[in-house]
Amino acid sequence: MSALMTLTVLAQAAAGEVGSGRIQGGWGYVWVSYGITWGAFALYSLSLWLRRPKNSPAGPKE
Amino acid sequence: MKRPAPIGLFRAAFVLLGKDLLIEWRTRARLNALVFFSLSTLLLFSFALGPDTKLLERNAGGYLWLAILFASTLSMGESFRIEYENACLDGLRLAPADARAIFLAKAMGNTLLLVALGGLLIPVMVALYGVKVVLGVGPLLATLALGCMALAAPGTVYAAIASNARARDVLLPLLLFPLIVPALLASAKAMMLVLQGDPMNQLNSWFGLLGGFNLIYWGLGFALFPRVIED
Amino acid sequence: MTPVARNRLILVGALLVAGAGLAVVAFGKIGDNLVYYWSPAEMLGQGEKAYGPTIRLGGVVKPGSIQWNAEHTTLHFHVATDHTPGSASVLVRSTEVPPQMFRDGIGVVVEGTFDKSQVFASNRLMVNHSNEYRAPKPGEEPRKWQETVEGSTTASATGAQ
Amino acid sequence: MGKFLRMALPPIALGLLVTGHYIGLAVAPPDREMGDVQRIMYAHVPAVWIALMALTINFICSVVYLFKPSWKTDSLAEASAEVGLLFGTVGVLLGAIWGRPTWGVYWTWDPRLTTAAILLVSYMGYMALRRFVEDPEKRAVWSAVVGIIAAVDLPIIWYSVKWWRSLHQVQSSPKTVDPEMVLPLRISAFAFLAFMILFILHRYRIALHERQAEVALPDALPTDGPQANRTPGVV
């Protein structure tokens, strides 16, 4: 969610540049990208952990 | 008692197609509903976009295919719903006919219905949006037939699945729409070229693409359909 | 032929048909004609038929042709078919802000319309990057590359920061 | 084996990811033309590779299931589709972000991007189908059919940049990428691969467990929960 907000902020910033130069690359784009990646991995791990088989004989680990 | 010889695949398919067309002809309920539904879709496009005639004219091909697509989800779901009622599908499967014959019959029936629908819609569209058929009737009908075939084959497989599942009205578009995007794109582009002229000589390439997708869809549907309706 | 063998044969035949379809999509020479963008030579070759409809034009920016007016936010440049000096080119008037990599000689795709005045009016400009990724050569400083490219751009780019 | 994988894989995957992304973000040089933005490559490219790989696994499972039905194959198909969808979504999002500073647009309908979008919605439909069908056997057969049909898009995505003139560049090879950039890309790819195996493994266990709960006979279960009064085989 926060990644999404950062993205909208970025989009607005980019839109504000119209007429005042070029679209600039930079670390902002990189951090948003890596944030999305790591966040997706973390959230998916969390969802797997929440959905873990409950009463399995293998035991509720991880 | 002599066991009846299994009838050939294509004969069985045509017998079943005849049965479906007869039902359709006797009631004409489905086609009537579809025509009114897609006519109102076409009208809604022109209302939603406002009075910009130029815009309507330029995008007419796309709107026509969207109207046909929306109508097709209704019609294909219905084509299996009538079979599931009173367990008619079980009867069909017990008959000495191949499940693949059912696929061919249903897919051909749906194609014919959609082509008929398109044939009724095009004159209305010509009047409503003010378009001209620049390339003539031949390419127009070819586009219509190829596009409807590409919609009908995957639609038949997915309708057989969806009409037996929970939330079937949501499921069919959900499965079908992404799959037929390439075919829809090709049909819409080809239709626009037919309506507006073909400056870059692209029509045959779009036909080739449509033909390729038709081969994929019909081949896969034909091979996989027996597994879909088995128990 | 037993029914099982016959069914297998039909199955194989159907899958072959599907495979043939994929082959048609892949190798049917469709890609040569249904392109995402046209080159200037192809577009000019169509003559008057290219006037009017929205098309995408792709090529390389002709070296030395960029005219960038930051105050009026218009950008003029020539798109050439390829890097050879004499290749066909089209004058493009763009209202879009170019991305940072936009410079002489780079691949671009512009979306817009062409008309009798032989100017391609574009409202969408995309830079086509190659699949090459290289470290900067000694002495190159990619983070400050803008300053080395073009005077008028530099002023506006640094001014925006 | 399974136990070893479960114990050893998380630290391996995490270690590879940290190494690969550290080298990619801090050690590798920026690109001559794109500058630092090019570093998105070390997440975008592996994500898409792994997504295609996971969905290929899904395709194989779908085919195998139709010839030889088994709950294990079905569970693996479900797991790989979900994980493939996750990686694919990440890959497409990152591609859009990368596209803004390099191409100038977040999105355009070029062949590569169009087919990638089709891929995502196709497998969303696949996952929805799995959720909407209650009879486990029908669900398995139908989703295998849908999985096979949806997989037609996979080769089209991969070759779209070669078959059609596209804005997206064609696949890079070690020849077109600086060696200093190949190293973090490789490590990240293996990290993503390890994560894929990890995710699929755990998702597979969940799916298999669900299947077993669904198809178990009522009297084989402890009498808790609603499964006990569910009649198997009734649609």
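Keep in mind the model is a prediction, meaning the values are calculated, not measured. Here is the naming used below: chain letters follow the sequence lines, and residue numbers restart at 1 for every chain.
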May I ask you to test the B:Phe213-C:Val25 pair for a side-chain heavy-atom distance under 4.5 Å?
-> yes

Considering residues, nucleotides and ligands other than B:Phe177, do more than 12 of their heavy atoms fall under 6.0 Å from its CZ?
-> yes

In terms of heavy-atom contacts, does NZ of B:Lys19 have more than 12 from other residues, nucleotides or ligands at under 6.0 Å?
-> yes

Under 6.0 Å from the CZ atom of B:Arg227, do we count more than 12 heavy atoms belonging to anything else shown?
-> yes

Greatest number of heavy atom pairs closer than 4.5 Å to chain B - which of C:Leu11, C:Leu16, C:Leu15, C:Ile10 | C:Ile10

Distance-minimising heavy-atom pair for B:Ala223 and C:Ala14 = CB-CB, 3.9 Å

Examine whether an atom of B:Arg58 lies under 4.5 Å from a heavy atom of chain C, and if so say whether it belongs to the side chain, the backbone or both; otherwise answer neither.
-> neither

